[in-house]
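Structure first, commentary second.
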Amino acid sequence: MTRRRAALLLAAVSVAFAAAGGATWAAFTSTTANSSSISAAADFTAPTVTRSTTSKSTGYSPDYIKQGGSYYVYAQVTDSGNPASGVSTVTADASQITVGSTAVPLVAGSYSVGGQTYNYRTALQTAAASIPNGTKTFSITATDAASNSSTSSGLVVNIDNILPTIIGGDVQAANVTGGTASRMEANDTLTLKFGEQMDPDSILSTWTGASLSVTVRVINNASNDQIQIWNSANTTQAALGTVSTNGNFVSGNVNFTGSTMVQSAGTLTITLGTPSVPANLRTVGANTTMTWAPSTSAYDRAGNAFSTAFGSSLTETGTADIDF
Ligand SMILES: [Ca+2]
Ligand SMILES: [Ca+2]
Ligand SMILES: [Ca+2]
Ligand SMILES: [Ca+2]
């Protein structure tokens, strides 16, 4: 093909597309004289919603909200094309959560929730006053500057209106393999179980549930020594209330520094670190039955705070046994 023929063909194609009226041409990338084809480049590709979540406005855990609660819809949106024309608008249909909210705009920015980053988020929304427990769906529509549009639908948010209580909870302790039973020591474990998964950020600010260094305080209290969990620096108490050992485990206060705490579903496992005053540790040598009074500051993934409606303290379950 001659250079002139190529130019004519290019012009003809341009006219044809302009007449069709549907396409926005971003650029022509190559028109080689020796080729019988013309490769044109434009953005015919709608943006992609890589991930999204609808989450309460506080804490760490994503994907959960409660009726009447405030929430955001987040999305990570990228546009492609050759070249991409760029994301123009992103909207959410959250009408199953908030009546009438069929096209809530998401604003570009840098957001983070549940350990993920997002580049679009709605303004703060308020869920309907009454939504049954279970799941609801939402969708996200993203449109690029060339008017290509895509919708991700059937996205799920969990509705949880049930307050965590002592029901389903437990407190247990275990002796480290090869350790001295009935004596607190490094690598013994304390297990605190809630009836449902809690938001770790409500227990210690910025905690994600991954293994975290903490200080375990054992407060001498005659024959009912008390246990509290504090942050690594031993300056902020975790919202885990107090465990009463009903045993004489220490003759004076002991801090287990470099202890660790990790979350798995509703269960927190605390592994004791190094005792600050080993001489204060005692071997109880008898069965003990612990009780645990959780904190009402802790809340679940939907933001429901721990409630004392069924009692403020729960008792170690199972057959009477030696602890630690
Ligand atoms: Ca709940
Ligand atoms: Ca032990
Ligand atoms: Ca004591
Ligand atoms: Ca026991």
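Atoms within each ligand, like the ligands themselves, are counted from 1 in listed order. One-based numbering along the sequence shown.
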Below 3.0 Å, any N, O or S contact between [X] and the Ca ion (ligand 2)?
X: Gly179; result: no
X: Met184; result: no
X: Phe324; result: yes
X: Ser182; result: no

Could you verify whether a donor N or O on one side chain and an acceptor N or O on the other, from [X] and [Y], lie under 3.5 Å apart?
X: Thr53; Y: Tyr72; value: no
X: Asn148; Y: Asp144; value: yes
X: Asp170; Y: Gln172; value: yes
X: Ser70; Y: Ser57; value: yes
X: Asn234; Y: Arg217; value: yes
X: Ser244; Y: Asn246; value: no

Inset, instruction - Determine, for Phe249 and Arg282, whether the Lys NZ or Arg CZ falls below 6.0 Å from the six-membered ring centre while staying within 45 degrees of the axis. - result: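 The answer is no; the distance or angle limit is not met.
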
Inset, instruction - Please confirm whether Arg183 makes a cation-pi placement over Phe324, using NZ or CZ under 6.0 Å from the six-membered ring centre and within 45° of the ring normal. - result: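 No; the conditions do not both hold, so Arg183 does not lie above the ring face of Phe324.
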
Inset, instruction - Check the hydrophobic clustering (I, L, V, M, F, W, Y; side-chain heavy atoms under 4.5 Å; chains of links allowed) and say if Val49 and Tyr118 are grouped together. - result: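 Each belongs to a different hydrophobic cluster.
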
Legend entry - side chain to side chain donor-acceptor pair (under 3.5 Å) partners for Asn280, two or more places apart: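 Residues passing side chain to side chain donor-acceptor pair (under 3.5 Å) with Asn280: none at all.
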
Legend entry - Atom name of the N, O or S atom in Glu185 that lies nearest to the Ca ion (ligand 2):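 Looking only at N, O and S atoms of Glu185, the one nearest the Ca ion (ligand 2) is named OE2.
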
Legend entry - Minimum-distance N/O/S atom that Asp188 presents toward the Ca ion (ligand 2):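 Atom name of the closest N, O or S in Asp188: OD2.
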
Inset, instruction - Below 3.0 Å of the Ca ion (ligand 3), tally up the protein N/O/S atoms for me. - result: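 Near the Ca ion (ligand 3), the number of protein N, O or S atoms below 3.0 Å is 6.
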
Inset, instruction - Could you point out which residue of Thr315, Leu190, Leu314 forms a side chain to side chain contact (heavy atoms under 4.5 Å, CB included) with Met290? - result: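 For Met290, the side chain to side chain contact (heavy atoms under 4.5 Å, CB included) test succeeds with only one of Thr315, Leu190, Leu314, which is Leu190.
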
Legend entry - Within-3.0 Å protein N/O/S contacts of the Ca ion (ligand 1):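 N, O, S partners closer than 3.0 Å: Asp160 OD1, Asp160 OD2, Ile162 O, Glu196 OE1, Glu196 OE2, Asp300 OD2.
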
Inset, instruction - Among residues two or more places apart or on two chains, list those pairs meeting salt bridge (charged side-chain N to carboxylate O under 4.0 Å, His left out) that have a residue in residues 231-242. - result: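 Counting only pairs at least two positions apart or across chains, no salt bridge (charged side-chain N to carboxylate O under 4.0 Å, His left out) contact touches residues 231-242.
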
